[in-house]
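Inspection log for the structure reproduced underneath, given as structure tokens.
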Amino acid sequence: MVADPLATGALVAKVNWQTVSALATAGGTLVLAVATFSAVRSSNRSARIAEQALLTGMRPVLVPSLADAPVQKALWRGGHTAKIPGGRAVVEEEGGVIYIAMSLRNLGSGIALLHGWYPRPGEETFTQSDRAAIEDFRTLTIDLYVQAGDNGFFESAVRDEEDPLHAEFLAVIKERRGFALELLYGDQIGGQRTISRYLVLPTTDDGWYCQSGRHWNVDMPDPR
């Protein structure tokens with residue numbers, strides 16, 4: 001039996017068009033998938049960049065204030081007060097209590113909220129040891145804020161004479177020895193925590209000069 005050539009051609013054409021249609025659909029789906037993946041990836045990258053920019057805009061960085069900064073007035077529980085000149089610190093004893101304060105400047109673009117402090121009365125350098133563990137910081141009993149681009153201060157006290165730190169700071173005051181101090185702080189919502197180490201040194205006018213040397217990121221990778 002001889003096949004009808006017209007019918008055979010029609011069948012071949014039909015089969016070819018079905019294949020072409022299937023391939024076109026698959027190709028379109030693949031192109032759409034690639035485009036979707038690229039769009040999602042680009043969107044995620046944009047979101048990360050936007051998030052990083054937002055966090056940068058909220059990040060505080062605390063350093064000692066400049067010498068011409070306004071004098072800060074610190075007030076402690078019990079009525080003790082002290083005036084802190086720009087670039088200076090206060091380390092003094094009265095009535096068995098050790099009072100410590102430091103004038104600060106916020107170089108960052110976000111409000112700084114101070115959380116705690118870690119004193120190092122036996123150290124006089126920036127790099128003698130690693131930063132203190134978070135759990136070892138002494139929590140502040142009041143909230144201290146330093147506005148972005150502005151000046152502020154840190155203050156705390158050692159009231160318990162049985163605290164080993166009490167005798168160490170008495171020796172610091174008596175012998176006029178320098179010491180290191182670390183502050184733990186973050187942005188206004190408690191994130192982006194940073195630890196900064198400062199060096200407090202005696203001056204010739206019986207005061208105390210302070211400078212910063214190291215900053216560690218707690219919640220993010222360190223830049224170094």
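All residue numbers in this chain count up from 1 along the given sequence. Keep in mind it's a predicted model, so treat the numbers as computed, not measured. Side chains included, hydrogens not; waters and symmetry mates left out as well; all remaining heavy atoms used.
Residues in residues 176-197 take part in these ring-ring contact (aromatic ring centres under 6.0 Å, His included) pairs, two or more places apart or across chains: F169-F179. Here salt bridge (charged side-chain N to carboxylate O under 4.0 Å, His left out) pairs that include residues 74-83, with residues two or more places apart or in two chains, number zero. Residue pairs that meet the salt bridge (charged side-chain N to carboxylate O under 4.0 Å, His left out) test with at least one member in residues 97-120, sequence neighbours left out, are R120-E123, R120-E182.
Between P60 and N106, the shortest heavy-atom contact is CA-OD1, 3.6 Å. Across all non-hydrogen atoms, the minimal contact from A101 to I84 is CB-CD1, 3.5 Å. Scanning all heavy atoms of the two residues, the minimum distance from P85 to S103 falls at O-CB, 3.6 Å. For the pair S156 and W117, the tightest heavy-atom approach, listed with the atom from each and the gap, is OG-NE1, 2.9 Å.
If you chain together ILVMFWY residues whose side-chain heavy atoms come under 4.5 Å of each other, W76 ends up grouped with V97, Y99.
Taking T81 as the reference, K73, L75 meet the side-chain contact (heavy atoms from CB on, under 4.5 Å) condition, with sequence neighbours excluded. By the salt bridge (Lys or Arg N to Asp or Glu O under 4.0 Å) test, R177 pairs with E175, sequence neighbours left out. Scored by the salt bridge (Lys or Arg N to Asp or Glu O under 4.0 Å) test, E135 finds no partners at all (sequence neighbours excluded). In terms of the salt bridge (Lys or Arg N to Asp or Glu O under 4.0 Å) criterion, residue partners of D219 (sequence neighbours excluded) are, by chain and number, R193. Every salt bridge (Lys or Arg N to Asp or Glu O under 4.0 Å) that R138 has, sequence neighbours left out, goes to D163. Applying the side-chain contact (heavy atoms from CB on, under 4.5 Å) rule to L113 yields the partners H115, D143, Y145; only residues at least two apart in sequence or on another chain are considered.
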All N/O donor-acceptor pairs, side-chain side in residues 146-153, below 3.5 Å, sequence neighbours left out:
none

Quick one: side chains of residues 86-94, donor-acceptor pairs under 3.5 Å with protein atoms, not counting sequence neighbours, listed by atom name and distance.
from	atom 1	to	atom 2	distance (Å)
R88	NH1	D205	OD1	3.4
R88	NH1	D205	OD2	3.4
R88	NH2	D205	OD2	3.1
E92	OE2	H80	NE2	2.7
E93	OE2	G96	N	2.7
E94	OE2	H80	ND1	3.0

- Given side-chain contact (heavy atoms from CB on, under 4.5 Å), test I98 with I173 step by step and report yes or no. CA-CA 9 Å; I98 306 294; I173 296 172; 4.1 Å; yes
- Message: Set out, in order, the CA-CA distance, both residues' side-chain angles and the distance that settles side-chain contact (heavy atoms from CB on, under 4.5 Å) for L140 and F154, then state yes or no.
- Response: CA-CA 10 Å; L140 296 176; F154 150 78; 3.8 Å; yes
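Contact annotation: the side chain of V61 never approaches that of T194 to less than 4.5 Å [non-hydrogen atoms, C-beta and beyond]. You'll find the side chain of L170 reaches within 4.5 Å of the side chain of H166, heavy atoms only. When side chains are defined from C-beta on, L183 counts as touching Y198, because their heavy atoms get closer than 4.5 Å. Side-chain contact between L114 and L104 is present, with at least one heavy-atom pair separated by less than 4.5 Å. Contact of the W208 side chain with the M102 side chain is not registered, since no non-hydrogen atoms from C-beta on lie closer than 4.5 Å.
Here the CD atom belonging to Q192 is positioned 5.0 Å from the CE atom belonging to M220, to the nearest 0.5 angstrom.
Judged by distance alone, the side chain of R176 and the main-chain N or O of T204 form no donor-acceptor pair under 3.5 Å.
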